[in-house]
2 protein chains.
Amino acid sequence: MRRPLIRKLEKFTRLSQADKEMLVRIAAHRVRRFAAREDIIHEGEKPEFINLINEGWACRYKTLEDGRRQIIAFFLPGDLCDLNVFILKEMDHSIGAITPVSVSEISRAAFDEMMIGHPRITQALWWETLVAAAIQREWTVNLGQRDALERMAHLLCELFIRLEAAGCTSDSSCEFPLTQTELGETLGMSTVHVNRTLQELRGSNLIVLKDRTLTIPNLQALQDVALFNPNYLHLDREGRHLDANEE
Amino acid sequence: MRRPLIRKLEKFTRLSQADKEMLVRIAAHRVRRFAAREDIIHEGEKPEFINLINEGWACRYKTLEDGRRQIIAFFLPGDLCDLNVFILKEMDHSIGAITPVSVSEISRAAFDEMMIGHPRITQALWWETLVAAAIQREWTVNLGQRDALERMAHLLCELFIRLEAAGCTSDSSCEFPLTQTELGETLGMSTVHVNRTLQELRGSNLIVLKDRTLTIPNLQALQDVALFNPNYLHLDREGRHLDANEE
DNA sequence: GTCCTACATTAACATAGGTAAGGTCGCTGC
DNA sequence: GCAGCGACCTTACCTATGTTAATGTAGGAC
């Protein structure tokens, strides 16, 4: 049993036994499975639950009228989709499975209960929300300022480090289920150029990517070409500071 | 007295007299002024307050090691910068004034007080946070999929509609203090191309932009070239649904 | 074993948008 | 009055990346 959410939240704060049990319970409650490529929720629907990804990769995406598709975010194991979404009337984007995924639905009631009885979890979930926002901002920088090579390198660094935080890497390798088409839809470039760019990274021995497995022999080197600064992931434990009354 | 925050939040929910007084009090409490181009908070600093923009325009931005700068978001009158930021150890980006601005600092204590006594405000502030996140996502789509003309048109539509929600437009015009350099840093394009693109929009009578004033004679037409869908701004009042016990 | 599909790869060519350089205009300061 | 500056506009040229389309390859269905 992997419990990537607990693993990730502990990068931010220490959780009590009761906290962890609560999280396990939540994650076990309403589990749904989706096939690869299936939509978990679609633009226009009314959001009723917070989704927690237990296993597999998913993504947020938006499609323009003329069919162009942009992947807006990736959800990796342990990621939550939008605390508080139920405030909104309808989804302005879709969430789709990339691989087969297992998702837990967290109802408004379960969420409120958790927020009331578990201040540490509450705090940790806000942290996770702020980090998700920071990632989205960094993607803006990525698309706006970096060229294709930097952009690709940056994405690979980010995904690898996030997978590491969730306990989904071994040494310098991880599963990597994205197709070149999906990479293109993420980075705003054509599949042809994705291919060229990956070749270039391979050629410089910055990555090994084969059979849906990514290996990054020298993460620092890849970060250097990406102008990657991990500060936006806020993975340093010092980040926490609870009020005395929350102890 | 304009009170753009109240004006904006009322696009989402109805506020009681007490709610409004609370918001006025908060906005009047710790007011600071900044000159155009001055930083309100800088990357690396520890965030201690939530900033509320009362007057003027500001922006979030990030700078890469080699000097490239990306504007990540605009803060218009009535906008809040990051509920809950104080959870994080340090800022991963900077916030800077574009025009001279007046900003209210909201302390953690004031924020907590407001959250406890005013469920409607709480709800409305989460709505504003979710909208800010939706805007950031739309910028990702903008940078990833739209070409220069669509991108520029999209940004202008968004800014105009947001200004309208805050009560900062008159008819089809608004103040527009951004330089072409800043537009370039926002849209990930060179100033030369910003200029070309603006010329093109002017040539098609989609915009009039002169002396820091923007006029959009036909918003729908501009939305059409931008492939602009305003759903992500969630400005429809129906969006609200409070629990009975919050009434 | 053959067919089918999804994905990766490559090449040849086209273009959106970047770079560099310079010019105009209207302020501000002195 | 004029030097200096910031915003803006323009032109000529160049390059990163897109487009189209052909080819390769591996796995699944039967």
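In what follows, every chain begins at residue 1, and chains take the letters A, B, ... in the order their sequences are listed. Worth saying up front: this structure is predicted, and the values here are computed from it rather than measured.
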B/His42: partners by side chain to side chain contact (heavy atoms under 4.5 Å, CB included), with sequence neighbours left out: B/Asp39, B/Glu45, B/Tyr61, B/Ser94
Bend angle of the helix from C/dG1-D/dC30 to C/dC30-D/dG1, from helix axes over five pairs at each end, nearest 10°: 40°
A/Leu183 CG - D/dG18 P separation (whole Å): 13 Å
Atom pairs, protein N/O to nucleotides 22-24 of chain C N/O, distance under 3.5 Å:
none

Sugar-phosphate or base contact per nucleotide [nucleotides 8-19 of chain C; S, B, -; heavy atom under 4.0 Å]: SBBB-----BBB
Under the side chain to side chain donor-acceptor pair (under 3.5 Å) test, residues paired with A/Asp66 that sit two or more places apart: A/Arg68
Atom-to-atom span, CD of A/Glu200 to C1' of D/dA16 - whole angstrom: 11 Å
Side chain to side chain donor-acceptor pair (under 3.5 Å) against B/Trp139, all qualifying residues, sequence neighbours excluded: B/Glu158
Heavy atoms of other groups near B/Glu150 CD, more than 12 under 6.0 Å: yes
Residues which pass salt bridge (charged side-chain N to carboxylate O under 4.0 Å, His left out) with B/Glu105, listed by chain and number, not counting sequence neighbours: B/Arg30, B/Arg32
B/Asp211 CG to D/dC9 P, straight-line distance once rounded to whole Å: 11 Å
Residue list, side chain to side chain donor-acceptor pair (under 3.5 Å) with B/Arg69, at least two apart or on another chain: B/Glu185
For atom CD of B/Glu182 and atom C1' of D/dC8, their distance in whole Å: 14 Å
A/Gln136 side chain to B/Gln136 side chain, donor-acceptor N/O pair below 3.5 angstrom: no
Whole-Å gap separating P (C/dC7) and CG (A/Leu209): 14 Å
Partners passing salt bridge (charged side-chain N to carboxylate O under 4.0 Å, His left out) against B/Glu43 (at least two apart in sequence or in another chain): none
Interface residues of residues 61-77 of chain A with DNA chain C (non-hydrogen, below 4.0 angstrom): none
Under 3.5 Å donor-acceptor, A/Ser172 side chain and A/Pro217 backbone: no
B/Lys210 NZ - D/dC8 P separation (whole Å): 13 Å
Carboxylate-amine/guanidinium contact A/Glu128 A/Lys8, below 4.0 Å: yes
Salt bridge (charged side-chain N to carboxylate O under 4.0 Å, His left out) partners for B/Glu182, two or more places apart: B/Arg37
Residues which pass side chain to side chain donor-acceptor pair (under 3.5 Å) with B/Arg196, listed by chain and number, not counting sequence neighbours: B/His193
Charged N-O contact under 4.0 Å between A/Arg137 and B/Asp92: yes
